[in-house]
Amino acid sequence: MGIQGLLPTLKSIMHPRHAQEYAGKRAAIDTYSWLHKAVLSCSRDLCHGRHNDKYIDYCMRRVQMLRYYGVQPVLVFDGGSLPMKSDQEIKRARSRKENLERALEYERLGNHSAAYECYQRAVDITPAIAFRLIQVLRQENVQYVVAPYEADAQLVFLALNRHVDFVITEDSDLIVYGCPQIFFKMDKHGQGVGFQISDITANKDIDLSDFTKQMILEMCIMSGCDYLPSLPGIGVKRSHGLIKRFRTYQKALKHLEAKGVLIDPQYEQGFHRAILTFRHHRVYDPVKKEMVHLTGVPSELDTNLDFLGPHLPQTTATAIARGEVDPTTFESFQDFSSSGRLVADSNATVQNGVSNKKVGFSAKKNLPAINSSRTHQHHRSGSRPCFQLSDLKAALVSFLISWGLVCILLACNPQVESLV
DNA sequence: CACTAGGGATACAG
DNA sequence: ACTCGTCCCTAGTG
């Protein structure tokens, strides 16, 4: 994922930071990076189509941790997938299926640890799994938005338009998309590494002092990205050298061809499409309440932009953003009867006992109970469902939750005492 | 020598 | 038929 080897070359401008240094700021969170780790604790249940609250607890603990340090989180979810990545996703789906079969086989033989390892590689983070979390976010008044396509672009849109101050993620693609401020690899204690684009001129390993945004974009694509594999033997260092010398990817490719490197005739067109995909990705504008491009498409650009995925009408885009309909099937999430499928079973049998009521987040005993009936009314009223801006109730709730957390932290982490 | 690509170990939770 | 791994080490290549 992302750009292989990019973050290590930027090590000199990546600084250790703590969530409390972002107090008073708003953060957009790449929720997939949380879910990916969170599902490991209950991958067996999820593979069998059974619900398990553990992954929700994982995410909510992080939400509460951020709130405790005064950071206001906005959770961003992935939406539909792009046709450009379809062949890669077929491979991944096949790999998951193979791992699931192996898990079942190990389990039959009684080797539970080996089975568990395979289950972890077999988990599929479906929109239904994300939806369970979204339901809890609504109850707890946490802001969220489901992107029409890639979450990465949505995160950067929120940052560029000042809806948030920074982005929390694990993915180096955020740099390629042009995100000004990023908090990488944040752990459960709030420790991670900070990055800001304004430091880029001071980088040591590779010299980017005279690089424009466009040159950084082209350097990253040339080193191999999700939308275009790299030429053999070309990584970050060599693509950096090429772009530094020739300034544009067209000239760099000409040079390689003159040197005798044979380049697929489709490659240059693919390169152009990759650039456009990063620059003009489709995102949801929570103010206009409609689908827009990450950055405006110039009028002189006559290229067909079908590879960005279809443009969706306003009502559909909003329903997706609010998490009311599945971004891949457009089916309503109200009905849970389809979520009880045993993934391993090709006959798609429906399990008993998973299609009913209770899906709520079991609040910790130390934390105050939250009145969910009022929040539901709020949601029904339709005033601002998916992107609830700060209101008094949320502030009060987060204050109470913070106090609960203070008690927990005081009990198990003596370092925090100095804060109070 | 610098760099890229691929394999192995590993993750979460309590 | 429903969404993305990553780090470290090393062999092999330009």
Side-chain angles (χ1 to χ4, degrees), chain A residues 1-9 11 30-47 49 52-59 61-62 76-82 84-86 88-97 100 113 116-117 119-131 146-153 169-174 184-185 187-188 205-206 222-227 229-242 256 259-261 325-331 333 338-348 412:
Chain A
M1 269 310 297
I3 309 300
Q4 267 191 16
L6 178 61
L7 296 186
T9 64
K11 203 179 72 180
D30 187 1
T31 310
Y32 182 89
S33 62
W34 284 4
L35 285 174
H36 175 254
K37 303 240 181 190
V39 296
L40 294 179
S41 61
C42 51
S43 50
R44 185 175 177 276
D45 274 345
L46 296 178
C47 282
N52 188 319
D53 273 342
K54 278 188 181 176
Y55 77 87
I56 291 176
D57 292 351
Y58 176 102
C59 294
R61 263 193 290 275
R62 294 202 170 202
V76 178
F77 294 83
D78 284 279
S81 53
L82 297 181
M84 295 181 80
K85 302 171 85 175
S86 60
Q88 198 181 27
E89 274 166 20
I90 290 170
K91 278 187 198 164
R92 285 178 181 135
R94 197 176 54 199
S95 165
R96 284 196 298 266
K97 191 181 176 188
L100 183 56
S113 61
Y116 210 72
E117 205 170 297
Y119 274 127
Q120 291 180 332
R121 307 176 90 110
V123 206
D124 188 12
I125 301 176
T126 63
I129 288 176
F131 176 65
V146 180
Y149 296 102
E150 303 271 315
D152 297 3
T169 185
E170 316 274 317
D171 191 348
S172 55
D173 270 344
L174 269 286
F184 283 107
K185 304 173 206 263
D187 65 15
K188 61 180 169 185
D205 190 349
I206 56 175
M222 188 171 283
S223 72
C225 67
D226 289 349
Y227 308 124
S230 71
L231 298 170
I234 303 288
V236 170
K237 298 288 177 66
R238 292 194 173 120
S239 58
H240 166 258
L242 287 165
L256 289 177
K259 246 179 55 178
V261 180
V325 302
D326 186 311
T328 59
T329 65
F330 303 123
E331 285 172 17
F333 270 126
S338 63
S339 65
R341 287 175 55 165
L342 181 64
V343 182
D345 188 354
S346 55
N347 295 329
C412 47

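Computed from a predicted structure; not experimentally measured. The sequence lines fix the lettering, A, B, ..., with proteins before strands; numbering per chain opens at 1.
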Given atom CG of L242(A) and atom C1' of dG14(C), what is their separation to the nearest angstrom? 13 Å
dT6(C) and dC12(B): how far apart are their P atoms, nearest whole angstrom? 14 Å
Between A130(A) and G2(A), the residue closer to the 5' end of DNA chain C by nearest nucleotide is A130(A)
Please give, in whole Å, the distance from dG5(C) P to Q4(A) CD? 11 Å
Students often get this wrong, so: under 4.0 angstrom with heavy atoms, is V39(A) touching a base, only sugar-phosphate, or nothing? nothing
Which of dG5(C), dT3(C), dC3(B) is nearest the side chain of R238(A)? It is dC3(B)
Over how many whole Å does the gap from L256(A) atom CG to dG14(C) atom P extend? 14 Å
Ignoring hydrogens and geometry beyond distance, is the side chain of D78(A) in donor-acceptor contact with the base of dC4(C) at under 3.5 Å? yes
Rounded distance in Å - CG (D205(A)) to P (dA2(B)): 12 Å
Main-chain N/O of I3(A) paired to S172(A) side chain as donor or acceptor, under 3.5 Å: yes
Taking everything shown except K85(A) itself, do over 12 heavy atoms lie less than 6.0 Å from its NZ? yes
R96(A) CZ to dA1(C) P: how many Å, rounded? 14 Å
Do K237(A) and D205(A) meet the salt-bridge criterion of a basic N to acidic O distance under 4.0 Å? yes
Would you kindly give the CZ-to-P distance between R92(A) and dT6(C), to the nearest whole Å? 10 Å
Measuring from the side chain of M1(A) (C-beta onward, heavy atoms only), which nucleotide among dT6(C), dT4(B), dA5(B) has the closest atom? dT6(C)
In terms of ring plane angle, is the pair Y116(A) and Y119(A) parallel, tilted or perpendicular, where the classes change at 30° and 60°? perpendicular
Determine the contact category for D226(A): base if any of its heavy atoms lies under 4.0 Å from a base atom, sugar-phosphate if only primed atoms, P, OP1 or OP2 are that close, otherwise nothing. nothing
Main-chain N/O of D173(A) paired with D171(A) side-chain donor or acceptor, under 3.5 Å: yes
Taking atom C1' in both dG5(C) and dG7(B), compute the distance separating them and give it to the nearest angstrom. 15 Å
Is the backbone of K188(A) close enough, under 3.5 Å, to the side chain of R61(A) for a donor and an acceptor to pair up by distance? no
In terms of the nearest nucleotide of DNA chain C, which residue is placed more toward the 5' end: E170(A) or P127(A)? P127(A)
Whole-Å gap separating C1' (dG5(C)) and CD (Q88(A)): 12 Å
Where the side chain of Y58(A) meets the backbone of S41(A), is there a donor-acceptor pair that is under 3.5 Å apart? no
Using the P atom in both, what is the distance from dC7(C) to dT10(B), to the nearest Å? 16 Å
In whole Å, measure the gap between the P atoms of dC9(C) and dA11(B) for me. 16 Å
What pairs of nitrogen or oxygen atoms, one from the protein and one from nucleotides 9-13 of chain B, lie under 3.5 Å apart?
{"residue": "dT10(B)", "atom": "O4", "partner": "R121(A)", "partner atom": "NH1", "Å": "2.9"}

Grab the CG-C1' distance between D326(A) and dT3(C) for me, whole Å please. 11 Å
Have a look at S81(A) and say if it touches a base, only the backbone sugar-phosphate, or nothing, with a 4.0 Å heavy-atom cut-off. nothing
Base, sugar-phosphate, or nothing for K91(A), non-hydrogen atoms under 4.0 angstrom? nothing
So what does D30(A) hit on the nucleic acid, given a heavy-atom distance under 4.0 Å: a base, only sugar-phosphate, or nothing? base
Just to verify, what does S239(A) make a side chain to side chain contact (heavy atoms under 4.5 Å, CB included) with, not counting sequence neighbours? M219(A), M222(A), S223(A), I234(A)
